[in-house]
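Working notes, beginning with the structure itself.
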Amino acid sequence: MKSLKQVLGGDLRQFTMVGALIALLIAFEIASGGRMLTSSNFQNLLSGNAYVLILAIGMVMVIVIGQIDLSVGSVAGVVGMIVALTARDLNVPWWVALFIGLGVGMLIGAWQGMWVARIGIPGFITTLAGMLIFRGVVIWISGSISVPVPDEFRTLGSGYLPEWGPTFTQMNNSTLLLGILAIVALGWTQFRKYSRLSSMASEKPPLWPVVVRVVLIALVIGYLTWLFGSGRPGTSFPIPGLILVALVLVYSTITQRTRFGRHIYAVGGNRAAAALSGVDTKRVTFIVMANMSFLAAIAGIMFVGRATAAGPSDGTAWELDAIAAVFIGGAAVSGGIGTVTASMVGGLVMAVLNSGLSLMGVGADRTAVIKGLVLLAAVAFDVYNKEQGRPSILGRLFPKKEPVATAAEPAGSAPVAGKKG
Amino acid sequence: MGDARPILEMQHITKDFPGVRALDGVTMSVRTADIHAICGENGAGKSTLMKVLSGVYPHGTYGGAIVFDGQEVEFKGIKSSERAGIVIIHQELALIPELSIVENIFLGNEIVKNGLIDWDEARRRTLDLLARVGLSIDPSTPIKTLGVGQQQLVEIAKALSKDVRLLILDEPTSALNEDDSENLLNLMLGLKAKGITCLMISHKLNEIAAVSDAVTVIRDGKTVETYPVEAGAVDEDRIIRSMVGRSLENRYPEHTPTIGETIFEVRNWRVEHPTLPGRLICNDSNFTVKRGEIVGFAGLMGAGRTELARSIFGRSYGIFVSGEIFLRGEKVVLPNVRAAIRNGIAYVPEDRKTLGLNLLDSIKVTTVSANLDGILRRGLIDDAMEYEVAEGYRKSMRTKAPSVDVGVKTLSGGNQQKVVLAKWMFPDPDVLILDEPTRGIDVGAKYEIYRLIQELSDEGKAVVVISSELPELMGITDRIYTICEGRITGVVDTAEANQEQLMRMMTTTASMAR
């Protein structure tokens, strides 16, 4: 147990979720007769869910500061529609339309951020209003009909990386290159972190868990590289997936490694204490709410690219998928807890459920029932563990042998006048 | 003194939590109509014992027997202990702020007539109960408009409504000022005269000495000793000795200050109440603090000490009207907390849990949270540096925790306070304002906190200590300002101060000061 923990490096809850995800994949692979773990299914899974996962990135930050954003679906829809309309009616190049779309997303974000942060309307109310307002705007400006978008957007929404180089690799070389880069980068950061820690710690931590971890990572990435890269010619790791990975890297760094990230958790954990520690709580709230709409704009643009047209009902109920992903990923409703990567795992659990159930021929009705139950079960699991004070199912299966260390150090600094009193 | 018959006997009470034995054969006996004090360091098992007694931990989850009024009792929950006449008033008040006094008093115990609540009867009985605790307020007043002292009295009225025979008070005066405390203690004496037994957990030895008939000291889950005391003549040293298992010859560490030049000065500070415009909460306040000096702020609850400190600390309270701050001889403007921190001021709030800490954080994250710049490398937080800083403070301050990765929530009050102090030492401020730095902390940990404060002053920092406990201010400060109704009413050198004089200055009203 201890060595397992050393290899995984701490957060067992997250690995429980990853374990559940892998178990789901294997179960569906068997149940669907080998149609789950295929190149085309994985490519579809990723480009078909990238937009929800991108929303989940922003949503976890919103939920960590103790707010919620119900408007993301409507915002995505309105941005997609504006992009489509500008490209068609104003005769501007596709990239101008793209930037106008992102700009509109930021404006909407600033609007909502202002209401929440400056005026102090709860995010639930502000974004419920936003959900109505922007859904109305989409239908209004589109006249309730779909508007096609330029072909370039298809690349963003469902495109693939180029083919090049030798053919003996038997796979898409762009994907292969990405996979190799990912393994090298992850291996390098792991070893650099290890060397930093061991240079500071008085006793050198063991090296082997790091090696085992890197080998495990390499195996997983290697397998995924092969899976994505060995599909029919012309396909590769999908471009929306690439955008998603880039955003996850950026936002993970922001939330985990920057001052601003710490401020987000501080505001969510205890707003008053954060303010007294020098955190500008209004600014943090504003930026997080505004950023959510910006990410919704990216999601909306990617979606219309994939669908090749913007429709008046695009984005309906996306907010619920994004919120579900975040809570399956272990975020707390009361704020202060949740990470980008865990939310991605949560979102992927939902995506795999969708994909697997449809492969097995389960209808949308029953799929929704199952997804709802999974959400309840995941959060119930968290609540149960919190009440029991137990870290995870792994912790329950492998209880610690040594008793809990009681803080029984001698109070050496207290004044000892007459030692025996 | 009550009659000799015990109303309560607890025999060999044992309670285990996973990995920890919280109570290990506690035996004690309480005589009818006594005020019985229970002392012990934080974590000694006092609260656990009271939870066993009041049925929070139901029969079967603990070992031993409870004999109440001559009969062995097996409480299944709070309801069943209340039916027997045992009512517990927790340290954190359990009243609902939005509801009125009458609604709170009969919450869960409503007077029902024909399926509807009989508010007239409830009101009538509430008036009666309030009169018994000496409160003359309209029963429909919302709880949130009452002060802590009055809320405490409402809690007791609520207990009386349940025909209480044994009233358990968990640190009843920890949040009260001296007036309210005295009022409460008198009320307890009154209850005693009516035959109600009080069981009081307290850290305040002078209060125990003043009202209690018997003392039981608990240490490490065991009864150390239990003895009757002549009211007014309890031996404080004896209690301390058995609480900590050693003698505390001196509760305040010896210290010779090395005082330098004035580095912090506030002039003509005027601040308005945040929601009541026109009402000044700081009225022309002037004070100075020198390098290496520990300055105390004494005042009754509500005198405006915290408000003064927080309005200086980046205007985090009230509406700034006018006034000047001089740091190291230069005038500074501190419009927000960040500016205050950047200019070398730190403020440790009085309420650790709601203002000082994010209880979700680990020791590590808390320690660096006021100075994230200090652990940045190329603009990003450096894990190794963060760990090193936190671990350094954990060792030097002797914080009792298995590692800096454990949550601050799991620490005792004293250790939490050390983490909060570390958090404010890391930005290396020149001026530290400590608001009630030892509230809710046991005697041993208090001593360590005092030493830390003195070490900070030895490093040449200016330290301001706000405290409601005069002996504490007399024990550790070099100079004391008294505050009353938002005005600084005087300043004395601690060496020449006495409590009566300070108390007089703390209660000098505005008109008398002029």
Side-chain angles (χ1 to χ4, degrees), chain A residues 10 64 192-202 253-254 256-263 265-281 332 334-337 388-390 399-400 402-421, chain B residues 18-20 43 241-242 244-251 253 310 313-314 316 336-342 347 349 353-361 365 368-373 376 379-385 387-388 398 400-402 405 411-412 415 423 427 443-445 447-448 451:
Chain A
V64 164
R192 203 183 48 147
K193 194 172 169 189
Y194 169 78
S195 69
R196 284 277 299 163
L197 274 176
S198 58
S199 72
M200 292 219 166
S202 49
T253 309
I254 290 176
Q256 302 306 315
R257 297 283 311 273
T258 65
R259 238 174 11 178
F260 181 69
R262 282 289 166 88
H263 288 177
Y265 287 96
V267 168
N270 185 341
R271 178 175 284 264
L276 281 179
S277 304
V279 176
D280 188 340
T281 56
S334 49
I337 298 174
Q388 302 292 311
R390 295 191 181 106
K400 274 189 199 165
E402 67 270 46
V404 186
T406 46
E409 290 172 38
S413 61
V416 185
K419 274 216 160 137
K420 294 275 177 232
Chain B
V20 186
R241 210 156 47 232
S242 36
V244 297
R246 60 184 176 263
S247 139
L248 284 180
E249 193 130 278
N250 193 343
R251 274 146 78 183
R310 284 185 60 181
F313 187 62
S316 51
N336 54 50
V337 172
R338 226 143 25 111
I341 296 174
R342 252 203 317 273
Y347 168 71
K353 286 190 177 135
T354 62
L355 296 176
L357 290 170
N358 175 355
L359 290 171
L360 300 170
D361 277 344
V365 171
V368 300
S369 62
N371 185 20
L372 290 171
D373 286 334
L376 293 187
L380 294 181
I381 287 169
D382 188 293
D383 290 345
M385 235 145 92
Y387 176 82
E388 198 184 31
R398 281 187 275 259
K400 280 180 210 161
D405 288 316
L411 303 179
S412 71
N415 286 308
K423 164 181 168 183
V443 180
Y447 192 91
E448 290 189 65
R451 275 208 343 186

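Here is how names work: the chains are called A, B, and so on, in the same order as the sequence lines, proteins then strands, and each is numbered from 1. Being a predicted model, the structure only gives us computed values, none of them experimental.
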Can you tell me which of B:Asp361, B:Leu376, B:Asp373, B:Val368 forms the most heavy-atom pairs within a distance under 4.5 Å of chain A? B:Asp373
Please flag which part of B:Thr354 lies under 4.5 Å from any non-hydrogen atom of chain A: side chain, backbone, both or neither. backbone
Please answer whether the main-chain N or O of B:Lys400 pairs with a side-chain N or O of B:Asn415 as donor and acceptor at a distance below 3.5 Å. yes
Of the listed B:Leu359, B:Asp382, B:Leu411, the one with the largest count of heavy-atom pairs under 4.5 Å with chain A is B:Asp382
Heaviest contributor of heavy-atom pairs below 4.5 Å to chain B, chosen from A:Gly268, A:Ala273, A:Gly336, is A:Ala273
Proximal component of B:Asp405, with respect to chain A [non-hydrogen, under 4.5 Å]: neither
Can you establish whether the number of heavy atoms outside A:Arg259 located under 6.0 Å from its atom CZ is more than 12? no
Side chains of B:Asn358 and B:Ser369: closer than 4.5 Å at any heavy-atom pair? no
Okay, B:Leu380 and chain A: the region with an atom under 4.5 Å from a heavy atom over there is both
Heavy-atom distance under 4.5 Å to chain A: side chain of B:Arg310, backbone, both or neither? side chain
Counting C-beta onward and ignoring hydrogens, is there a side-chain heavy-atom pair between B:Ile381 and A:Thr258 closer than 4.5 Å? no
Is any side-chain heavy atom of B:Ile341 closer than 4.5 Å to one of B:Phe313? yes
Is B:Asn371 close to B:Lys423 at the side-chain level, that is, under 4.5 Å between some pair of heavy atoms? no
